[in-house]
Student: 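Mind looking over this structure? Questions follow.
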Amino acid sequence: MTKGQSIKLFKDVFSYYLGFSQENHEFSEIERFQILPLVFGLLPSQSIFRERYDLKVKPLIISHLKGLGINPDPLFLRILKDISDQYYITGLENGLLQEKYTIEKLKANFPEKYKELINIQNNRCKLCGVKFTGEVIETLDHIIPWRLVGDTSNGKNWQILCSYCNTGKREYFSSLQSKLAYNWVYSRNITLDTDLPSKELRFVILSQKNCCENCHKDSTKVHLFLSKKLITGLAVADNLKVVCENCIC
């Protein structure tokens with residue numbers, strides 16, 4: 001991917017999740033991974049580590065981008081300013097000037113948006129497809145990490161996950177950031193009794209393969225699980241397949 005293509009994809013991704021774009025387009029884990037180096041590589045340090053919120057950061061961003069050989073258009077500049085502002089106001093060192101939305105806050109402040117999301121997901125976890133019952137806890141997940149995009153009332157950066165899946169997601173911009181995506185389990189204490197997919201590994205696989213590999217039904221229709229392809233192999237990404245409650249052996 002060329003520099004120009006990377007910048008265009010960066011603008012497309014953030015325009016969508018910030019709510020600047022009216023297009024209905026979700027971006028893949030691969031697409032988000034491709035622009036990962038740009039997220040903090042395009043921001044001048046002074047726009048993040050500033051003394052006060054009202055500091056004029058646009059000139060700082062323009063100067064930094066020119067140093068990188070980039071002439072920003074108004075949309076690109078707006079995106080980078082919004083990321084800088086969001087990162088600043090959500091820092092603990094700045095007194096946490098903005099609170100993160102939870103599922104309870106979503107239900108209270110945007111009940112129609114909650115209903116829309118839960119209906120789209122068919123009352124199931126967006127990732128694993130478990131049905132939300134009294135025993136399964138709903139959580140609000142920010143698709144792009146909250147400190148970069150925040151809470152946009154159009155709901156483009158929200159999805160509803162079970163607590164188990166949300167814990168595995170961590171702060172990743174893309175699941176491909178995880179070393180587990182590349183079968184790397186060097187630091188894990190693996191025994192025959194604990195050779196099971198971790199929460200993080202479940203997230204890594206289900207975020208990329210969100211349907212049963214046998215019947216091809218997705219998480220809006222079935223509960224998805226991970227199963228070893230070869231019982232003699234380790235529980236690593238390449239040796240796990242996604243199966244649903246109806247196809248699991």
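By convention here, the first residue in the shown sequence is residue 1. Values below: every heavy atom of this structure, side chains too, minus hydrogens, waters and symmetry copies.
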Student: Check for me whether Arg202 meets the cation-pi criterion with Tyr164, that is, NZ or CZ under 6.0 Å from the six-membered ring centre and within 45 degrees of the ring axis.
Tutor: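 Relative to the ring axis of Tyr164, which defines the angle, Arg202 lies outside at least one limit.
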Student: Hey, can you tell me if Phe203 and Tyr172 have their rings parallel, tilted or perpendicular (30° and 60° cut-offs)?
Tutor: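 Rings of Phe203 and Tyr172: parallel, under 30°.
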Student: Could you tell me whether Lys217 atom NZ has more than 12 heavy atoms of other residues or ligands within 6.0 Å of it?
Tutor: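 Not more than 12 within 6.0 Å, no.
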Student: Look at Arg78 together with Asp85 and state whether they make a salt bridge at an N to O cut-off of under 4.0 Å.
Tutor: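 No, Arg78 and Asp85 are not salt-bridged.
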Student: Any heavy-atom pair between the side chains of Phe76 and Phe10 that's under 4.5 Å?
Tutor: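 Side-chain contact under 4.5 Å: yes.
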Student: Aromatic ring centroids of Tyr87 and Phe40 under 6.0 Å?
Tutor: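 Centroid distance Tyr87-Phe40: below 6.0 Å, so yes.
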Student: A quick test of your reading: do over 12 heavy atoms of other residues, nucleotides or ligands sit less than 6.0 Å from CD1 of Ile231?
Tutor: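 Counting neighbours around CD1 of Ile231, 12 or fewer heavy atoms of other residues, nucleotides or ligands fall under 6.0 Å, so no.
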Student: Using a 6.0 Å cut-off, check whether atom CD1 of Ile120 has over 12 heavy atoms from anything other than its own residue.
Tutor: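 Check passes, neighbour count above 12.
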Student: Without swapping roles, check the side chain of Gln121 against the backbone of Ile160 for a donor-acceptor pair under 3.5 Å.
Tutor: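 Side chain of Gln121 to backbone of Ile160, a donor-acceptor pair under 3.5 Å: yes, one is there.
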Student: Is it true that, when you exclude Lys229 itself, more than 12 heavy atoms of the residues, nucleotides or ligands shown sit nearer than 6.0 Å to its NZ?
Tutor: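 Above 12, so yes.
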Student: Determine, stepwise, if the pair Asp141 / Lys126 fulfils salt bridge (charged side-chain N to carboxylate O under 4.0 Å, His left out).
Tutor: CA-CA 10 Å; Asp141 174 60; Lys126 180 69 178 293; over 6 Å; no
Student: Report, as yes or no, whether the 6.0 Å neighbourhood of atom CG on Leu75 holds more than 12 heavy atoms from other residues, nucleotides or ligands.
Tutor: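 Buried by this count: over 12 neighbours within 6.0 Å.
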Student: Can Asp151 and Trp158 be counted as having a side-chain donor-acceptor contact under 3.5 angstrom?
Tutor: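 On atom types as modelled, these side chains qualify, holding a pair under 3.5 Å.
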Student: Counting only heavy atoms not in Glu171, do more than 12 sit closer than 6.0 Å to its CD atom?
Tutor: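 Enclosed: over 12 neighbouring heavy atoms sit under 6.0 Å from CD of Glu171.
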Student: Using the rule that Ile, Leu, Val, Met, Phe, Trp and Tyr join whenever any side-chain heavy atoms are under 4.5 Å apart, tell me whether Leu18 and Val57 fall into a single cluster.
Tutor: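 Yes, because Leu18 and Val57 connect within a single hydrophobic cluster, where side-chain heavy atoms sit under 4.5 Å apart.
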Student: Is it the case that atom NZ in Lys105 sees more than 12 heavy atoms from other parts of the structure closer than 6.0 Å?
Tutor: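 More than 12 heavy atoms, drawn from other residues, nucleotides or ligands, come within 6.0 Å of this atom.
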Student: May I ask you to say whether Glu104 pairs ionically with Lys107, meaning some side-chain N is under 4.0 Å from a carboxylate O?
Tutor: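 Between Lys107 and Glu104 there is no salt bridge, as every charged N stays at least 4.0 Å from the carboxylate O atoms.
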Student: Do you know the tightest heavy-atom contact between Ser175 and Gln208?
Tutor: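 That closest heavy-atom pairing would be OG-NE2, 3.4 Å.
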Student: Assess, by modelled atom type and distance only, whether the side chains of Asn210 and Ser219 contain a donor and an acceptor separated by less than 3.5 Å.
Tutor: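 Yes.
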Student: How far apart are the closest heavy atoms of Tyr17 and Lys156, and which atoms are they?
Tutor: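 Residues Tyr17 and Lys156, closest heavy atoms: CD2-O, 3.3 Å.
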Student: Taking atom CD of Gln46 as the centre, report whether more than 12 heavy atoms of other residues, nucleotides or ligands fall under 6.0 Å from it.
Tutor: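 No.
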Student: Is Phe20 reachable from Ile143 through a run of hydrophobic residues whose side-chain heavy atoms are each under 4.5 Å from the next?
Tutor: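 Yes: a chain of side-chain contacts under 4.5 Å links Ile143 to Phe20.
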Student: Please report the C-alpha distance between Tyr186 and Trp184 in whole Å, then the side-chain angles of each, then the deciding distance to 0.1 Å, and finally whether the ring pair (Phe, Tyr, Trp, His ring centres under 6.0 Å) criterion is met.
Tutor: CA-CA 6 Å; Tyr186 180 80; Trp184 192 251; 5.7 Å; yes
